Undergrad: 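Below you'll find the structure I mean.
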Amino acid sequence: MKRDPIRRLPTHLVDRIAAGEVVERPANVVKELVENSLDAGAQRIEIAISEGGIGRILVSDDGSGMNPGEMRLALERHATSKLPHDDLLMISRFGFRGEALPAIASVSRFTLISRPADADEGWRLVVDGGHLTVDSPTATPVGTRIQVEDLFGRVPGRRKFLKAERTEVAAIIDMVRRLAMANPRTGFHLAHENRPLLTVPAEEGDDVAALVARTARLLRTSEDMVPVDFFREGFTIGGMISLPAASRGVADHQYLFVNGRPVKDRMLTGALRGAYADRLPRNRHAVAALHITVPFDAVDVNVHPAKTEVRFRDSAHIRGGLILAVRTALDTAGVRPMAAAGAALAAAFSAQSTPTPESQSFSVSSTQQHETQALAEPSLDYETPPSPRALHKSEEPQQNIVPEEMQQDTFPLGVARGQVSNTYIVSETHDGLIIVDQHAAHERLVLETLRAMHAEHSPAAQALLIPEVVELDMQACDQLEHNAGILGRYGLELERFGKEAVLVRAVPAVLKQPDVQKLLRDLADDLMTHEAPLSLTERLDHVAATVACHGSIRAGRTLSLHEMNALLRQMEKVPASGTCNHGRPTFIKLSHMDLEKLFERR
Ligand code: ADP
Ligand code: MG
């Protein structure tokens, strides 16, 4: 059988393979160019893009610049000025492979203009389809301008994989934001189709002050952030993290840096999640900007061509340090772990007979003691179920609960007997007992109400006495404005209010006293995350679910027996209330038989 001869791949193919790795999408091109500018000592970097980066990416800096000889060399593969000692471990600069420029030039029309400080004029090189078409002097200020046009124009296979323009722009903003956060001494300006998207000046002050100022500028939630300042043998961790109250519905607002490089690393994000595990509900995510500094030989950045992954020599050490750093910062800020609800339940239902301290929090009589605290919470004012045996709202609340008088067999979900850890409702049914997760159950009910409202085209809106202004970044405002119609169908009425704010006029009536700022932030996050892949119906449901999450009674809130029973009755009326919006059960049932088994009576 004849086979193809073994041959050397032609250079342009090798370049394309490398290009495919380094420049999968416009955001990677932006990253490589901006990192080069940073390496060149730029104090100000301007990035202008059009058509989501496919049409044009222009990066201009005021850095060291190159002379014509250096420019030509920079376009050769593996030509780099950054590995003077041939030691791949001594990588302190962003670049080091010397392959970004030739790779990008091989898949675009590439213009390089540069002028070093000691030259009177600049030079221009144009590479089109792999050929040098212009090589001549030009007038230009000191620094470097690189323009990349028609990206992947000749590599249609690659172009096909690109997402919608909006998504690519979002990826570029995210990339520039990360680079800007890690390099506070440099000013950045990013614009798409001449519209400014991100502008930050070079920050002043000492290193820490500059970092804090830049982080605050870019995160916008600085009031709810606490500083992290941690030192451990072999590394330091500094930056800012959110208090639980400032958590978000998506994990996109976590910025991690290792030795000044933005990284997206599972081990690190996992450690961050772990650090917050008992302080945040599972569907909430911390906001964080954390800078980890380790000796250069303790980390391998050569793992991934786009270099967003890292490999630590001793990752357990770093992981442990990160968790400790975050916990220490939260402890210092007075953030306590949430009630150990899981432990309390496990203790209550373990097969051992020794009573535990947690089991004492199971109380039937303490229903009124936190009423004042509960006032600020959204109220649970369900109509009383239409059962003759049910208690009436009009009866005096202090003495209306005589559980024995209620007949459990009337109601499938039984009669409330009390609350555990202010999180779970325990109710007795004719054949056993039921434990309800109050937050999950209520969230589900609110979602069903919103869905019904939407299906009947009757949004119940609650107009705000004073319309609320919510400040968000421009992209978030764009998303909300763009989806104002959808939001209106749920009773959320808003309009654009200048460049970086929206004005909220009404909120869905099911939400009693929503935190409007937080609701809008989460909705914007949600719309941005789910935009491209979802149909309108799916998006509507995401909006409803996000709204529902905000309207629901929280875990940790004390409920009166009256409120507990109201919730149980409402659950019985609503189909699908048995699972929460995230697919987990909203209640579990232990039959008499289950109990007997647990106590080994059988
Ligand atoms: P690397 O950054 O890995 O060295 P690149 O292909 O990205 O490889 O760049 C090649 C070389 O071109 C760099 O080492 C640097 O000397 C020079 N260079 C690239 N961009 C700039 C810039 N904006 N300013 C000054 N020099 C630059
Ligand atoms: Mg480079």
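The analysis underlying the following values was restricted to heavy atoms, covering all of them including side chains, and did not include hydrogens, waters or symmetry mates. None of the values given here were measured: they were computed from a predicted structure. Atoms within a ligand are numbered from 1 in the order they appear, just like the ligands themselves.
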Undergrad: Please indicate whether any nitrogen or oxygen in Asn36 is less than 3.5 Å from any nitrogen or oxygen in ligand 1.
TA: yes

Undergrad: If you take the nearest heavy atom of each of Asp61, Leu73, Leu101, which one is closest to atom 23 (N) of ligand 1?
TA: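 Among Asp61, Leu73, Leu101, the closest heavy atom to atom 23 (N) of ligand 1 belongs to Asp61.
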
Undergrad: Using a strict cut-off of less than 4.0 Å between a Lys/Arg side-chain nitrogen and an Asp/Glu carboxylate oxygen, indicate whether Asp515 and Arg521 qualify as a salt bridge.
TA: no

Undergrad: For Glu32, is at least one N or O under 3.5 Å away from an N or O on ligand 1?
TA: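 Between Glu32 and ligand 1 (N or O atoms, distance only) the closest approach is not under 3.5 Å.
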
Undergrad: Can you sort out which atoms of ligand 1 are near Ala100, meaning under 4.0 Å from one of its heavy atoms?
TA: 6 (O), 7 (O)

Undergrad: Ring centres of His317 and Phe235 under 6.0 Å apart?
TA: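 Yes - the distance between ring centres of His317 and Phe235 falls below the 6.0 Å cut-off.
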
Undergrad: Quick check: closest heavy atoms across Leu480 and Leu494, and the distance to 0.1 Å?
TA: O-CD1, 3.9 Å

Undergrad: For the residue pair Ala202 and Arg185, what are the closest heavy atoms and their distance?
TA: CB-O, 3.2 Å

Undergrad: Hey, are Ser247 and His285 close enough side-chain-wise for a donor-acceptor pair under 3.5 Å?
TA: no

Undergrad: Please identify which atoms of ligand 1 are closer than 4.0 Å to at least one heavy atom of Ala40.
TA: 24 (N), 25 (C)

